[in-house]
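Data block below; observations after.
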2 protein chains.
Amino acid sequence: MSTSANKFNKILFTILKRNGLKYTKQREQILNTFLSLKGHTSVDTLYEILRKTNPSIGYATVHRSLKLFNKIGIVEMVKVGNQKALYEHKDKNRHHDHLVCVKCGNFTEITSDELENLQKRIASRNNFQIIDHKLIVYGICRKCKNKR
Amino acid sequence: MSTSANKFNKILFTILKRNGLKYTKQREQILNTFLSLKGHTSVDTLYEILRKTNPSIGYATVHRSLKLFNKIGIVEMVKVGNQKALYEHKDKNRHHDHLVCVKCGNFTEITSDELENLQKRIASRNNFQIIDHKLIVYGICRKCKNKR
DNA sequence: AGTGAAATTGATAATTATTATCAATAATAC
DNA sequence: GTATTATTGATAATAATTATCAATTTCACT
């Protein structure tokens, strides 16, 4: 096991403990495999990959774990419309949002300090205590624009 | 039928026609009943209300119609997480977004020119042709903050 | 007004993602 | 090491949405 994986595992252990949860082999595997992937990963995709190294892992466990990781703040969940949930790495410091192309379905990640600040102003105007926000901009990406 | 309903019906007819769709009694009823309600309406709620005046109307028709109305731009759809879709009146001129309270589930509508402009800047930076956007801010509303 | 092509409806089945159930197993505090 | 408690894996249940399809309705065109 690599040093960085070891480091992640310690962090995982600490966070789970802090939340009164147990550190399990499955959770370790699921998180490490998830972190080895880039971009946006669905439960199904991750499950299929995990099965190669651990054929006995259960689908429900993968589903539950990703959901749990999202809840305790170590992975990010993105949902667009009725589509299935996708999970992505959590930026350590910056929240990011998404441009979604309605033609090809691809995501572009965006970060914007202006948006973070604007959000705070809007919330304080409404006497609203922000926990999080999700901005999805729908449109047509550069590639698809050029296609026509 | 009221004058305003008549007006809506003409608009509906025009928009349907423009989209190559037919004007039906059901679509008229569904839209008019929907417009007579305030706030955020689910398919189920609207279906139950419609059944009182038209017991033979089908659930699928209500579902399809709201979805269609959203597609052709005459009603707005809001989805939060895995919850069922809610539909709301479309603001004629202004897009609006939502603050969602994670405690009580209530929505607060917000409009922001700053956000509209910011969105445009972000999109143009990414060479992205905007169609629409949805911002949902999750947090705790004034009422629930004061409750504790 | 009548007609024919095409769209819509209503009932219901199918689909899909997610969540619940529960006995067996594993992790952790003591 | 043991008791307690959470988690796992398999699968069933749930819930929203979408597909199917025969019967009906709309509408463009005479």
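Residue numbering restarts at 1 for every chain, and letters A, B, ... go by the order of the sequence lines.
In this structure, of D:dA10, C:dG10, C:dA17, it is D:dA10 that holds the atom nearest to the side chain of A:Ala60. With distances taken from any side-chain atom of A:Thr61 to the nucleotides D:dG9, D:dT7, D:dT17, the minimum falls on D:dG9. Here D:dT7 is the nucleotide among C:dT12, D:dT7, D:dA10 with the atom lying nearest to any side-chain atom of A:Thr24. Listed candidates were C:dA17, D:dA16, D:dT8. Nearest to the side chain of A:Gln26 is D:dT8.
Residues B:Pro55 and B:Leu16 both approach DNA chain C. Their nearest nucleotides, taken by heavy-atom distance, put B:Leu16 toward the 5′ side. Judged by closest nucleotide on DNA chain D, B:His63 is the one of B:Lys25 and B:His63 placed further toward the 5' end.
A salt bridge links B:Lys134 with B:Glu76; the closest basic N to acidic carboxylate O contact falls under 4.0 Å. Here B:Glu28 does not pair with B:Lys25 in a salt bridge; the nearest charged N to carboxylate O distance is not below 4.0 Å.
Under 3.5 Å, the side chains of B:Asn106 and B:Thr108 contain no donor-acceptor pair of N or O atoms. A:His95 and A:Gln119 form no side-chain donor-acceptor contact under 3.5 Å, judged by distance and modelled atom types alone.
Here B:Lys84 does not reach the OP1 or OP2 of D:dA15: none of its side-chain N or O atoms lies under 4.0 Å away.
Spacing between atom CD of B:Gln83 and atom C1' of C:dA17 amounts to 15 Å, rounded to whole angstrom units. To the nearest angstrom, P of C:dT19 lies 12 Å from CG of A:Leu66. Here C:dA7 presents its C1' atom at 14 Å from CZ of B:Phe13, a figure rounded to the nearest Å. Rounded to whole Å, atom C1' of C:dT8 lies 14 Å from atom CD of B:Gln29. Between the P atom of C:dT18 and the CG atom of B:Asn82 lies a distance of 6 Å, rounded to the nearest Å. Between the CG atom of B:Asn70 and the C1' atom of D:dA16 there is a distance of 16 Å, given to the nearest Å. What separates NZ of B:Lys22 from P of C:dG4 is a distance of 15 Å, to the nearest Å. The NZ-P distance, from A:Lys79 to D:dT17, rounds to 10 Å in whole Å.
Contact of the B:Leu50 side chain with the B:Phe34 side chain is not registered, since no non-hydrogen atoms from C-beta on lie closer than 4.5 Å.
Helix-axis bend for the helix from C:dA1-D:dT30 to C:dC30-D:dG1: the local axis fitted to the five terminal pairs at one end deviates from that at the other end by 50°, rounded to 10°.
In this structure, B:Arg27 reaches the sugar-phosphate backbone alone: every heavy-atom distance under 4.0 Å involves primed, P, OP1 or OP2 atoms, never a base.
A 6.0 Å sphere centred on CZ of A:Arg142 holds no more than 12 heavy atoms belonging to other residues, nucleotides or ligands.
Between A:His40 and A:Phe107, the ring planes are tilted. Angles from 30° to 60° get that label.
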